[in-house]
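All remarks here apply to the structure that follows.
First listed ligand is number 1; within each ligand, the first listed atom is number 1. In what follows, every heavy atom counts, from backbone to side chain, and hydrogens, waters and symmetry copies are set aside. In this text, all values refer to a predicted model and were calculated from it rather than measured experimentally.
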Amino acid sequence: MDFELKTFDLADACRQKCDALVAVVTDDGMAGDDPVSRLVQDARKSGDFESKPGKLLQAWRVEGVAARRVVIAGAGDGSGKRVQAAVQAAVGGLRHKAIKRLVVALPGSAGDDAVRAAVVATADSSYAYVATKSKADGRAIERVTLSVPASVTAHRQAFDAARGTAAGIEFARELGNLPPNVATPTRLGDEARKLAKAHGFRCEVLGPKEVERLGMGSFMAVARGSEEPLRFIVLQYRGAAESQAPVVLVGKGITFDSGGISIKPAPEMDEMKFDMSGAASVLGTFRALGELKPKLNVVGLIPACENLPDGRSMKPGDVLTSMSGQTIEVLNTDAEGRLILCDALTYAERFKPRAVVDIATLTGACVIALGGVRSGLFASDDNLARALQEAGDAALDLCWRMPLDDEYGDGLKTNFADVANVAGRPAGSVTAAKFLQRFAGKYPWAHLDIAGTAWKGGAAKGSTGRPVGLLVQYLLSQQDGKATATTKATAPAKAGRRKAAAR
Ligand code: BES
Ligand code: MN
Ligand code: ZN
């Protein structure tokens, strides 16, 4: 989808030849003397239209409007969140129509947050999955013009960032939606290589032999039950001097999670194809980096494999030796995400990172705790936590900080290894994070549990592309000269000292 930003008032927008015009209307209304403003004034007077977010007024062949369809969308106070709701309702309603050219007109009061929300929500609401359908019934919008009455230069930066972000979100969504017999570990590796080639990233895709040489005994144990060979993907984006410590993103790439020997029940097991959404969000974020080229260094690490039952699968009681040297007793083979992430977190040490953020559909418990509204955020560093939370707020891709008190780690004690891979049922998302924290002591670290936010179930079943919006916003905020004292992660040395406390 092509996006462009233009300076138009509503009278100009009415003259644009296109298939549909979406006019976003706020509470402070429309005083203009163009056909759409008059329509709004009229409909308001008669009580047929309210500017509440999500309210629509649709019209066909309005006199003086070049577009065949006009959709007037209420956006309340005009904040990013309200504009998001307006655009979702309006563009979502146009999805199955033959719309090639779309104009979205923002009101004069629109700020950068409204511009960002409009771009991302337009892309999001017009996405249609067609990859594995024999007939492509999704009709793609080809070109979107976003119009603002003010000079475009004022909004250029926000617009460009949003456009790059939207491309990243779409990329993650598409990968997440692909079936597990297509989106295999090998395919994820190929996608990473393709991205690297297109945007000039460094990329290494390691296979079973190299991973064995690295001593990733925990990751290897998960992959052992599958015929699909594992992949360990290392992507590197350089936007600043080599000497600058990178941010490392680690994405859980379980391309199908059956639970393994601790097999899951059959209902909804298909949804476990989305268990690579963390990996997809890292790849989607790199897609956005390729477009936006911010001034910082970023490394992406993806351990990718399937979790299946087999004669060679790991089994409850097995003790694994992780790359860190810590031994792990497997008490439940369905707690596999932490087993592949822990080795990736150890691998991350070699980059001497300024911060490491892992992203994982890690626990059903996080779905129970936070549902689909906010991702779970766990962090060993307050500044990193604050920066991620602020990025989520700005991108309308929310998260919520969860605790990491040492007492939560007590349930991971075992007589047979340094640590067990599960504790009891209480606080399941916290104990999973406590497990990861043992492997992330050498740098400021945060963990996003996206089990509730990465996809939707039910009739709207599908990947959401979250938390690409949050991650891109966070990385943009960490550019040279941008990170403020409050958003910079605390120095790694301090995090190192925290390691002892984490154990
Ligand atoms: N991929 C799942 C987590 C999950 C479950 C995400 C449901 C979304 C919806 C993860 O690998 C898993 O199976 N976790 C277990 C952990 C348990 C065995 C301690 C869980 O949450 O049940
Ligand atoms: Mn599992
Ligand atoms: Zn899983």
Side-chain angles (χ1 to χ4, degrees), residues 176 180 183 185 188 218-219 221-226 228 230 250-281 302-309 313-318 328-344 358-376 378 402 408-409 411-412 414 419-436 447-458 461-464 466-467:
L188 293 186
S218 187
F219 175 28
V222 176
R224 203 150 46 219
S226 166
E228 287 289 340
L230 66 77
V250 181
K252 173 179 173 182
I254 295 289
T255 59
F256 188 74
D257 181 13
S258 71
I261 296 298
S262 314
I263 198 161
K264 289 179 182 294
E268 288 163 15
M269 202 204 270
D270 65 291
E271 294 191 358
M272 284 300 131
K273 72 172 184 179
F274 296 117
D275 214 17
M276 38 61 79
S277 297
S281 76
I302 297 173
C305 68
E306 294 183 327
N307 184 24
L308 294 179
S313 293
M314 61 172 177
K315 53 202 173 292
D318 281 1
I328 305 165
E329 186 185 24
V330 179
L331 291 179
N332 189 321
T333 65
D334 198 10
E336 84 298 339
R338 59 198 83 178
L339 295 177
I340 71 170
L341 289 170
C342 67
D343 283 339
D358 76 70
I359 307 102
T361 49
L362 203 62
T363 64
C366 193
V367 189
I368 302 300
L370 298 172
V373 181
R374 287 178 186 258
S375 304
F378 300 82
M402 303 278 280
Y408 284 113
L412 295 168
T414 162
V419 65
N421 80 326
V422 295
R425 277 166 55 89
S429 68
V430 188
T431 57
K434 288 307 286 182
F435 178 93
L436 294 179
H447 155 60
L448 287 163
D449 193 332
I450 58 167
T453 53
W455 78 88
K456 289 182 184 151
K461 188 190 276 186
S463 169
T464 60
R466 290 176 69 182

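Within 4.0 Å of ligand 1, protein heavy atoms belong to K252, D257, K264, M272, D275, N332, D334, E336, R338, T361, L362, T363, G364, V422, A451, W455, listed by chain and number.
With hydrogens and angles disregarded, no donor-acceptor distance shorter than 3.5 Å links the side chain of S258 to the backbone of I263.
Atoms CZ and CD1, from F219 and I340 in turn, are 6.0 Å apart once rounded to the nearest 0.5 Å. The CG atom of L436 sits 7.5 Å away from the SG atom of C342 when rounded to the nearest 0.5 Å. Expressed to the nearest 0.5 Å, how far CG of D275 lies from CG of N307 amounts to 8.5 Å. From K252, atom NZ reaches atom OG of S281 across 12.5 Å, with rounding to the nearest 0.5 Å. Between atom OG1 of residue T333 and atom NZ of residue K315 there is a gap of 11.0 Å, rounded to the nearest 0.5 Å. Distance check: R338 CZ to L412 CG gives 7.5 Å after rounding to the nearest 0.5 Å.
Between the side chains of T361 and S277, not a single donor N or O lies within less than 3.5 Å of an accepting N or O.
Look at K252 and the Zn ion (ligand 3): an N/O/S atom of the residue is under 2.8 Å from the metal. Here D334 does not reach the Zn ion (ligand 3): none of its N/O/S atoms is less than 2.8 Å from the metal.
For D257, the N, O or S atom with the smallest separation from the Zn ion (ligand 3) is OD2. Here the N, O or S atom of E336 that is nearest to the Zn ion (ligand 3) is OE2. No other N/O/S atom of D275 lies as close to the Zn ion (ligand 3) as OD2 does.
A heavy-atom distance below 4.5 Å is found between the side chains of F435 and L339. When side chains are defined from C-beta on, R374 does not count as touching T453, because their heavy atoms never get closer than 4.5 Å. By the 4.5 Å heavy-atom criterion applied to side chains, D334 and K264 are counted as neighbours.
At a cut-off of 2.8 Å, measuring from the Mn ion (ligand 2), the protein N, O or S atoms that fall short of it are D257 OD2, D334 O, D334 OD1, E336 OE1, waters left aside.
Using a cutoff of 4.0 Å between basic side-chain nitrogens and carboxylate oxygens, D318 and R224 are not scored as salt-bridged.
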